[in-house]
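Only this structure's heavy atoms are used, side chains among them; waters, hydrogens and symmetry mates stay out. This is a predicted model, so every value here is computed, not measured. Proteins come first, then strands; the chains are lettered A, B, ... in the order of their sequence lines, and each starts at number 1.
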2 protein chains.
Amino acid sequence: MDAAPGFRPLYLQVKDLLIQRLATGAWRPGEALPSEFGLAAEFNVSQGTVRKALDDLAAQNLVVRHQGKGTFVARHTPQRALFHFFHLVADDGARALPGSRVLGLKTAKADRIEAEHLGLKPGTPVVRLKRVRLLGGEVAIFERIVLPAARFPNFVQRLPADVPNEVYRYYEDVYGITVARAVEKLKAVAATAEEAKALNLTRAAPLLEIDRIAYALDGSAVEWRLSRCSTAHHHYLSEIE
Amino acid sequence: MDAAPGFRPLYLQVKDLLIQRLATGAWRPGEALPSEFGLAAEFNVSQGTVRKALDDLAAQNLVVRHQGKGTFVARHTPQRALFHFFHLVADDGARALPGSRVLGLKTAKADRIEAEHLGLKPGTPVVRLKRVRLLGGEVAIFERIVLPAARFPNFVQRLPADVPNEVYRYYEDVYGITVARAVEKLKAVAATAEEAKALNLTRAAPLLEIDRIAYALDGSAVEWRLSRCSTAHHHYLSEIE
DNA sequence: GAGTGGTCTAGACCACAGC
DNA sequence: CTGTGGTCTAGACCACTCG
């Protein structure tokens, strides 16, 4: 039942197997996993061991558990996007998903910086998306998104005219790519002329820069996003516990 | 063994009792708690139930568990401060605790803003500490700290000449106050004349403002801290998963 | 009522620390 | 060797959902 050499706890082995299946898309986002007893029988372990693996996955937000219903593959619902992956909040505490207006969308060959951020070789095809986003009806974020084209085939052609606001949900639905983790680096910067114009600010106004790399379930980088945000009426919320 | 009315799971009741004891200082930071079996006997529950409560506390960083040794009250070690409570990182990824130089220290009556942040009545005595902090040998952070004087008796007189760099550790050691949680609000702002001078920057240079309220184990606010940081060579790191 | 996850227990054994 | 936390199992019962 257990491994002599590797010596990894059983429940972690089960967890690894489950993550592997999730990463390869054995179950689609939103779909139900087999029951604890079902998985236990399949893996030849006790139900308690499967439970511990699933609890771990739930703690990492990879699955969602509902008493009486089952265990489901986590989705990027608006709720989750809002509270987990989007940290800009109005100063009065209100949260709302921003609207967006696309400024540009094209494919290109990755420059050195883009390649570095996405773990690609320079020259690899990438998709570049530029847009502004609205908070509380006002233009507040100037954003550049870069994707590895290989993992998003026909992205430019396939993207609907009104670009979906919640792109992570779109990645899931259309490409089966789950954003599981992201790292954000924040700086205070001065607005460039282009940004100042797009955001109706004076040149060199202070902006909050969010440099974010998003990672898929398999640990590979799937998106680089550079957001420059006006924080006149909003702030970035970080809760530490 | 269980409660009919409230209907809170046993392990959560145990957890509540343990938090209560931690908050009242029944065990000092760094001290060992009784063993799982000891606590189980005391609370008349099974060892597994105590374990689940302790696992929860460990997940919240309130206790630290060491196989073979025991369960200990968490401390604000330099390590923990660095990785958990201090998010400014050099652009090359290096982490180091900043040095500090005190600019001012006095008691005063809380103004409206301070009172609001700390959940006090305006006019309540507070301690005000103003300092600059150094990152990589360079002055990089201009910081104001406000404390409710009632919970830090004789703070001004007692503070050593060389103000401890890790004040959270100092709060624990001297006042038995554990900072368990903090909320940070980040904005990009323009440096004031005073800040620009202290940080060797041009006036109105963009700074990252970190507005942080720290909470004790009992949930009350124990510190308001306003940091204004030069992000020329550093960034604020936020990991989302 | 049948099926799911959530709680609680009890006991066995393993891994690690320290005397 | 003893005592600690960590893993694994097995079974009972509870709470919730749905048909």
Whole angstrom is fine here: how far is it from [atom1] in [X] over to [atom2] in [N]?
{"X": "A:Asp55", "N": "D:dT7", "atom1": "CG", "atom2": "P", "result": "13 Å"}
{"X": "A:Leu57", "N": "C:dG5", "atom1": "CG", "atom2": "P", "result": "13 Å"}
{"X": "A:Arg51", "N": "D:dT7", "atom1": "CZ", "atom2": "C1'", "result": "16 Å"}
{"X": "A:Tyr11", "N": "C:dC14", "atom1": "OH", "atom2": "C1'", "result": "14 Å"}
{"X": "B:Arg8", "N": "C:dC8", "atom1": "CZ", "atom2": "P", "result": "11 Å"}
{"X": "B:Phe43", "N": "C:dC8", "atom1": "CZ", "atom2": "P", "result": "14 Å"}
{"X": "A:Lys15", "N": "D:dC8", "atom1": "NZ", "atom2": "C1'", "result": "17 Å"}

Less than 4.0 angstrom between a side-chain N/O of A:Lys52 and OP1 or OP2 of D:dT7, yes or no?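 For D:dT7, OP1 or OP2 has a side-chain N or O of A:Lys52 closer than 4.0 Å.
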
Is the shortest side-chain N/O distance from B:Arg65 to OP1 or OP2 of D:dG6 below 4.0 Å?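 Result: yes.
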
Can you name the closest pair of heavy atoms from A:Lys15 and A:Ala53 and give their distance?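 For A:Lys15 and A:Ala53, the tightest heavy-atom pair comes out as N-CB, 3.9 Å.
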
Which pair of non-hydrogen atoms, one from A:Ile213 and one from A:His117, has the smallest distance, and what is that distance?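 Closest approach of A:Ile213 to A:His117: CD1-O, 3.5 Å.
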
Checking B:Lys187 side chain against A:His235 main chain: does a donor-acceptor pair fall under 3.5 Å?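 Looks like no, no N/O pair under 3.5 Å.
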
Any sub-3.5 Å donor-acceptor pair from A:Thr24's side-chain atoms to A:Gln20's backbone N or O?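 Yes.
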
What's the closest nucleotide to the [X] side chain, out of [options]?
{"X": "A:Thr49", "options": "D:dC8, C:dG18, C:dC8", "value": "D:dC8"}
{"X": "A:Leu10", "options": "D:dG6, C:dA17, D:dC8", "value": "D:dC8"}
{"X": "A:Thr71", "options": "C:dT7, C:dG5, D:dC8", "value": "C:dG5"}

In chain order, what residues pass the salt bridge (charged side-chain N to carboxylate O under 4.0 Å, His left out) check against B:Glu138, with sequence neighbours excluded?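 Testing B:Glu138 for salt bridge (charged side-chain N to carboxylate O under 4.0 Å, His left out), a comparison that skips the adjacent residues, returns none.
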
Taking the nucleotide of DNA chain D with the closest heavy atom to each, which residue, A:Lys69 or A:Leu12, is nearer the 5' end?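 The 5'-side residue here is A:Leu12.
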
Give a yes or no on this: more than 12 heavy atoms of other residues, nucleotides or ligands lie within 6.0 Å of atom NE2 of A:His66.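 Yes, enclosed.
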
Looking only at side chains, do A:Asn61 and A:Arg80 share a donor and an acceptor under 3.5 Å apart?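 There is no such pair (donor and acceptor under 3.5 Å, judged by atom type) between the side chains of A:Asn61 and A:Arg80.
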
Could you tell me whether the side chains of A:Ser220 and A:Arg151 share a donor-acceptor contact shorter than 3.5 Å?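 A donor-acceptor contact under 3.5 Å links the two side chains.
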
What orientation do A:Tyr168 and A:Phe85 show, parallel under 30°, tilted 30 to 60°, or perpendicular over 60°?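 The arrangement is perpendicular - the two ring planes meet at more than 60°.
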
Produce the list of close N/O pairs, under 3.5 Å, pairing protein atoms with atoms of nucleotides 10-14 of chain D; give distances to one decimal.
none

Using a heavy-atom distance cut-off of less than 4.0 Å, which residues of residues 27-39 of chain B contact DNA chain D?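 Of all residues in residues 27-39 of chain B, the ones placing a heavy atom under 4.0 Å from DNA chain D are B:Ser35, B:Glu36.
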
